[in-house]
Each structure stands twice: as C-alpha cells, then as structure tokens.
4 protein chains.
Amino acid sequence: MNVQLHDCFGKKEAVLKSTLSLVGKQGFHGTPMSQIAKNAGVAAGTIYHYFPSKGALISELYIYVKDRMAKAIIDGDDPSKSYKERFFAVMVSQYRFYVENPDSMNFLEQYINSPYAQEYAHLESQLFVEKVITFFKYGIENAYFKNIDPRLLAPTIRGTLVAAASFQLSQHMLFSDEDINEVVSIIWDGIKRQ
Amino acid sequence: MNVQLHDCFGKKEAVLKSTLSLVGKQGFHGTPMSQIAKNAGVAAGTIYHYFPSKGALISELYIYVKDRMAKAIIDGDDPSKSYKERFFAVMVSQYRFYVENPDSMNFLEQYINSPYAQEYAHLESQLFVEKVITFFKYGIENAYFKNIDPRLLAPTIRGTLVAAASFQLSQHMLFSDEDINEVVSIIWDGIKRQ
Amino acid sequence: MNVQLHDCFGKKEAVLKSTLSLVGKQGFHGTPMSQIAKNAGVAAGTIYHYFPSKGALISELYIYVKDRMAKAIIDGDDPSKSYKERFFAVMVSQYRFYVENPDSMNFLEQYINSPYAQEYAHLESQLFVEKVITFFKYGIENAYFKNIDPRLLAPTIRGTLVAAASFQLSQHMLFSDEDINEVVSIIWDGIKRQ
Amino acid sequence: MNVQLHDCFGKKEAVLKSTLSLVGKQGFHGTPMSQIAKNAGVAAGTIYHYFPSKGALISELYIYVKDRMAKAIIDGDDPSKSYKERFFAVMVSQYRFYVENPDSMNFLEQYINSPYAQEYAHLESQLFVEKVITFFKYGIENAYFKNIDPRLLAPTIRGTLVAAASFQLSQHMLFSDEDINEVVSIIWDGIKRQ
DNA sequence: AATGAATGAGTCTTCATTCAT
DNA sequence: GATGAATGAAGACTCATTCAT
C-alpha cells in the first residue's frame, strides 16, 4: 500500500528512465516507442497517457535530465569559497555527472543537434537557468572572464567537458583528480581574464 | 548531351551534395533516400549504383566533407610563420569554413553523435589526419601546448569553434576579424603551455 | 448534491446527448468514447455501466432519437382533419424536427448507412412504428397513395425531407411556410393516387 | 506484352476496384488499407504511390464511381425523344446502375454522409455535372418541373431511387419494367409542373 | 455507482531497398 | 548505367474496453 504512495509517479518516471537509457545507446531513431514501453514495463499505449507524442517525451526528458544535472552541479558549490575555487568545483561536478551518467551525456549531446531541440526550443530546465547560468553570469559581470557573450560560454564549456568525459569513457580509463583539474584548467585558462 | 561525357562522376557528387544539403537541415532521419534522389536529379535506384546503403552514403559523405574542410583549413597555413601565428590562421580558416558551410557543420555535428559514427568508426578523412592532426601533434610534441592527449585536443577545439559559428549563424551577425581572434584566443589560452 | 438524487438517470441521458452532439458533427469513427465521456462530464468507464459497447450505445441512441422524432411528428397531428391535411401537417413536423435538430438528422442519416444499422437491425423505435408507420399504412390501405410497398414509402419521404432540410441548413436560409409546403407537395404529388 | 500495355494503369484501377468492393460492404472505417492492398493483389505501400492518403483514395474513388454512373445514365439517353421520355429513360438507367452495382450505390451513400465529403467537397465528377446536372437544369429552365432549386432536385431523386434499389436488393426481388416505371413516376409526378 | 489509469491489438503511413525494363 | 514502380517490414499513434480502487 505504502509502496503505491511512493509509486504514484512510478510509470511516468519509468518511461523517462527507459527512454534515457535506450536513446543514450541507440539514438532517437533507433529507439521505437514499443521498445521504450517494454523496457519500462508498461504497455505501449500507456506512454501516451503521460506524453502526447514521442517528441514531447524526448523534450520532457531533456528537462528532466538537465534538472538532474543542474542539481548535481550545484551540489558541489560552496558560496563561501573564492569564485575560481567555486568554478573549478562546479566544473568537476559537471564532469563527474557526465562520467557517472553517460546515458545522460549522450542523450543531451544528441538532443542539442536534433530537430527536437528546434521544435521544442522554448523548453528549458528552469533549475539549470536559475542556478548554473546565473553562476556563469556572475563570473562575467564581475570580470572574472573575458568579455564573452554568455551564450557562447555555455557550449564552449560543454564541448570541452563532453570531449574529456567521452574520452575517459571510451578508453575505460580512470581519471585522477589531477587529470580532471587539468581538463578544467583548459576551460579556465581559455576564458579567464588574462 | 556532351555534358554527360564530362559528367561521368557528376551523379555521384550530385548525390553527395544533395545529401549534405538536406541532412544539414533536416537530420538523417528526416531525409529519405527518395528526397535525396529527387534533389540530386537522379532516380532513387541510381543512388545504389554508387553507394551500397544509406549508411555507406552518409559515412562517405563524412569523408567527403572532412576532406573539404581539411583543404580549407590547410589552405591558410604558411609554414614560414611562427607556430602561434599558424595556429591562429588555421583556427580562423576552420571557423570560416563552418560559417560559410553551415550544412557541413551541421552534418558533422550530427554525424559525430550518431550511430553511423560508431558503425563506420574505421573511416576517417586521410587528408584531415595527415594535415590537420599532424599539425596539432607538432604543437604537442614541441611543447607549445599543455600535456594534453591529442585525442582530447580535437574535440575541445571543435566544440569551441562550432559553438561560436553556430552562435554567429543563429544571430545573423557578422563577426569582425577581431571577434574571431577573440574566439580563437579562448582556445589558445586554454591549451597553450602557460 | 441533492441534484444527484433527481439525477439518477442523468448520466445515462448525458451520455446519449453527448454522443448525439459529437457523432452528428464528427461521425461515428471520429468520435472516441473518451471524448463522449468528457463531453458528458463522466468517466470513460461509466459509459460501460449503462451500455455494454459502443455499438450498443449507438443503436440505443438510434431508438432514443427516433422516439423523439416520432413524438415531434405526432404532436402536430389532428385526427379530426382530412387525411391530406394530416399528411401535410405530419410532413411539416418532421421537416421542422430535422431543421431544429440537425445533429439528430445527421446522426440518423449516418446510422442508416452504417454497419451498426445492419448489426442492430432488429432494434427499432416502437413509438415510430406504432404512430408514424401506422399513419402511412392507413394512407396506403385507404387508397390515398399509389400502390407502393410501405417499406419503399418511408425512405422516399425521408430522402426528400432530408434533402430539403440539409439544403436549408447549409444555406443558412429561412424557409417560409409556403416553401416548406412546396417541398411536401413534391412528396404528396409523387405518391398520391393520381 | 500486349497485356502489359492494357495493364499500365492496372494497379491503380485494381486498388480503386478493391476499395469499392470492400467499402461498399464494410464501410470506410471497417476497411483497413492492408485489406484493400491484399484484395487488390498489391503491397500496402503500393497504394501510396497512387494515392497520398486513405482520404484521397476514397475521394478519388468517388469521382471514379460518379463518372461511371454518369456514363451509364447518359448511355440510355436519346435526345430525339420527348423530355418526359428522356427523363424516364435516364431515371431507369440510374436505377439499373444502382441495382447492377450495389457496391457503387452503397459507397456513394456512405460517402455523401461522411467527413470525406466535407473535406474533399471541391472534388466532383465533371462528367456528371456536365451531362446529368445539365439535363436536369434543362428540365427546370424549360418549365417541365416545379420551380425547385436544382440543388434540391438531385438529392430528392437520388433518395427515391436509392430507396427503391436498396429495397429490391434486400428482398432479392426482380423488378419488372413496369415496377421500375412506377418508381420513376413517383419522382416525375412529384416534381413535374402540375 | 463511479473513476480513469492501463492495456494492446489494430491503424495508417513511411521509407530503405530491389529489380524488371 | 539509369530508372522508378513495387515491396513489406517497421514505426508512431489511437481507442474500445477492463478493472483495481
């Protein structure tokens, strides 16, 4: 009985997780709704109770994943530290999120370059905007960074972190804290005001 | 009529260009072979004389595009200059290639995150490897850069350039030479040995 | 709340009316049970307390509508008048019923040409048979009409009235009493013993 | 070989005939495209080479059937005879068309009361308009008929003929020439100028 | 009685690929 | 080489119906 209470959003979340796991590996087109359903343990029609279409499911998953990433990123932030220290901590958190959630990383990379991102361009994780983007804006406004348009900053950072995380995953390597710091310093040195 | 004689490779290239243009705008899945054929002015069956499958067509197009990009990049290189100057020139060339060939940029970004890239992982532009990768390796070996794995370098660079080019294209802006230099310096400052 | 007590047949009738309104506009196939339920203000499952299936709902609605039409038709009948006068009055009533209840007219026309009519051929409005058919039979037996099989009479009459009513509705016209009389005289002149 | 020449429209016409036969018996909704294909001896996808959608197939079939009916109707017309004789001949031809092509009759009746008729309202058999409607207009303009709007005339006539043809078919009766004349005289007496 | 989440068979439609001409 | 009609497997999505609450 109590399980039910905890489970009241169970099917919707099961569908989201199923989609994330499959799309991360097979791509949008390679992942039929029927497989998503089977993998989630629900009937194909059930998906359509929660999401009006495959596109809507994908775009809602985008918010879902971005929210989780934002939480993971912000978790490592300690506002009492210096901005540079905070920046490094935030970057390390994002890097770790990618490495620990490769499906999420693959999904996000695919989403960004897909027609869904255009069609559902108005949908964005509020948490990510409020916390992460705000954090970067602070760095820009307080002249820690070069005078870069903030819309350029985000993909630049993402590109480097994704490249490093993909590399680590594909090589089945373990990166030491120092290795990760090295990666983040590529970003920091690139964008910091010299 | 005589044109046909001179045109003996015309159809193959027409198919490649048609594919590039359509996939750049609509994505792989959004671009049926029938549309590629019509857009190229050939019959659907004709494509299969030149390419055994859609996947093979896509992956051959990848080589084709990467070759053209390599040519564009190397074109601006003057080995008599300093490495830093050469690096900046090469980056600016790549940036310009993206801005002037948005279909190519979109295609490459999609390809990299698609199942095709895994399936045809063994196929790579020889020209790009020989010229561009070699150029970067030189920089690493001669200690112009931080001690970064070269496989990490390429996507890091690509990420920043694509981000900037996409941004320029989406905003319908014109970037001055100085703006572009600013972008490249993000890369340079990030990876150069401090 | 008390309304519910008076309303004990309310839901069943709400479903019937909801179905009539939607099917009249969208057709049987264009009207899902879920929409019928929502439009009636009940849950989808509730419909199945009152009707074992969609087909049964449709066929019961047929009886319901035919009953209401029979009442409207007979209402205008004054047995003390001449048969011809009564015939005209009855026809005018039916015509008016169609114009005032276009959903009912559309529903009936669709029903007659649908598989439901065959499947539920045994179901017919008793009121319509007893009152309206009987009235026509009287006309045949008393030689007011040509020697027409009564089963031919009904659709002939219906065809002309529906044609005229549809025409009026589609043109957003108002027909005067004289116009309507003209229509009925097409029927009368066609079937009366010359 | 010669067969092929005669067969060059074979598949398209096979699909039309298959659709007519199935929809006449099962209704639009009761007839899946897959069954139409199998019944026509073609693959499901083949239908979509000739018709962009089920709705387009249905509406093109409407033109096809109406054209054939118009031909059958006009075939029996002899312009040298009196208008009344011609009218009776034309009506008898239409009646016979219905009886000999019940699938066509059923299809037309369903089409008229379906959403397709609204959606594709702009499509009509040119042959029917030019020949049959023109013939009726002549009767109106030359005062053979009551002063009825011609848009009312057509469905009135259709209604009576369909009623009689359906009745004959459902009873498995044979109507003598005299019986059919009786039916037509219902129409004629109804609409002729008294 | 009433609910509405869940089901899954069935529908229309797409599209990579083949092959007779 | 070139064509494009034909194929049919596979996909997204719908909806009548059920059943636990």
Side-chain angles (χ1 to χ4, degrees), chain A residues 1 4 8 10-12 15 28-38 41-57, chain B residues 4 7-8 10-12 28-38 41-58, chain C residues 4 7-8 10-12 28-38 41-58, chain D residues 1 4 8 10-12 15 28-38 41-57:
Chain A
M1 278 296 186
Q4 286 307 96
C8 61
K11 301 219 172 183
K12 184 169 184 178
V15 169
F28 298 125
H29 177 225
T31 307
M33 294 295 263
S34 54
Q35 197 186 9
I36 292 173
K38 182 180 284 183
V42 304
T46 302
I47 299 179
Y48 290 86
H49 271 284
Y50 297 107
F51 309 97
S53 68
K54 189 176 186 178
L57 162 59
Chain B
Q4 285 306 97
D7 229 14
C8 57
K11 300 215 172 183
K12 182 167 186 180
F28 298 125
H29 179 224
T31 305
M33 294 293 264
S34 57
Q35 198 186 8
I36 291 173
K38 181 182 282 183
V42 304
T46 303
I47 299 179
Y48 289 84
H49 278 290
Y50 297 110
F51 308 97
S53 70
K54 190 177 186 180
L57 162 59
I58 297 289
Chain C
Q4 285 306 98
D7 229 15
C8 58
K11 300 216 171 182
K12 182 168 186 178
F28 298 124
H29 177 224
T31 306
M33 295 292 265
S34 56
Q35 197 186 9
I36 291 173
K38 181 182 284 184
V42 304
T46 303
I47 299 180
Y48 289 85
H49 277 290
Y50 297 110
F51 309 96
S53 71
K54 189 175 187 180
L57 162 59
I58 297 289
Chain D
M1 278 297 185
Q4 288 304 98
C8 59
K11 301 220 170 178
K12 183 169 186 177
V15 170
F28 298 125
H29 177 223
T31 307
M33 295 294 264
S34 55
Q35 196 186 9
I36 291 173
K38 182 180 283 184
V42 303
T46 302
I47 299 179
Y48 289 85
H49 271 284
Y50 297 109
F51 310 96
S53 68
K54 189 175 187 180
L57 163 59

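Naming: A, B, ... by sequence-line order, numbering from 1 per chain.
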Can you identify which nucleotide, out of E:dA6, F:dA6, F:dT17, has its nearest atom closest to the D:K11 side chain?
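Side chain of D:K11 sits closest to F:dA6.
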Among F:dA5, F:dA12, F:dT17, which nucleotide sits nearest the side chain of C:K54?
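Selected nucleotide: F:dT17.
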Could you tell me which residues satisfy side-chain contact (heavy atoms from CB on, under 4.5 Å) with [X], sequence neighbours excluded, listed by chain and number?
X     : result
C:F51 : C:K12, C:V15, C:L16, C:I47, C:L57, C:E60
C:P32 : C:S34, C:Q35
D:F28 : D:V23, D:I58, D:F107, D:Q110, D:Y111, D:S114, D:Y116
D:A44 : D:A37

Atom [atom1] of [X] to atom [atom2] of [N]: distance rounded to whole Å?
X     : N      : atom1 : atom2 : answer
A:K38 : F:dG11 : NZ    : C1'   : 14 Å
A:K12 : E:dA5  : NZ    : C1'   : 14 Å
D:Y48 : E:dT11 : OH    : P     : 12 Å
D:F51 : F:dA5  : CZ    : P     : 14 Å
D:I36 : F:dA6  : CD1   : P     : 17 Å
B:H49 : F:dA2  : NE2   : C1'   : 6 Å
D:M33 : E:dT14 : CE    : C1'   : 12 Å
A:Q35 : F:dC13 : CD    : P     : 16 Å

Within less than 4.0 Å of OP1 or OP2 of F:dG1, is there a side-chain N or O belonging to B:Y50?
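So the side chain of B:Y50 is within the cut-off, an N or O lying under 4.0 Å from OP1 or OP2 of F:dG1.
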Identify, with sequence neighbours excluded, every residue that meets ring pair (Phe, Tyr, Trp, His ring centres under 6.0 Å) alongside A:H29.
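Scan of A:H29 (ring pair (Phe, Tyr, Trp, His ring centres under 6.0 Å), adjacent residues dropped) gives B:H29.
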Helix axis bend for the helix from E:dA2-F:dT21 to E:dT21-F:dA2 - C1'-based end axes, five pairs, 10° rounding:
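One end's axis against the other's: 0°.
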Assuming nearest nucleotide by heavy-atom distance, tell me which of D:S53 and B:S53 is located more 5' along DNA chain E.
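Its nearest nucleotide lies further toward 5', so the answer is D:S53.
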Pick the closest DNA chain E nucleotide for B:G55 and for C:I47 by heavy atoms, then say which residue is nearer the 5' end.
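Its nearest nucleotide being more 5', the pick is C:I47.
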Tabulate atom names and distances for all N/O pairs under 3.5 angstrom spanning the protein and nucleotides 8-10 of chain F.
| residue | atom | partner | partner atom | Å |
| --- | --- | --- | --- | --- |
| F:dG8 | N7 | D:G45 | N | 3.3 |

Can you name the residues that form a side-chain hydrogen bond (donor to acceptor under 3.5 Å, both in side chains) with C:T31, not counting sequence neighbours?
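C:T31 satisfies side-chain hydrogen bond (donor to acceptor under 3.5 Å, both in side chains) with C:Q26 only.
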With nearest nucleotides of DNA chain F determined for A:T31 and C:T31 from heavy-atom distances, which residue corresponds to the more 5′ nucleotide?
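Between the two, 5'-proximity favours A:T31.
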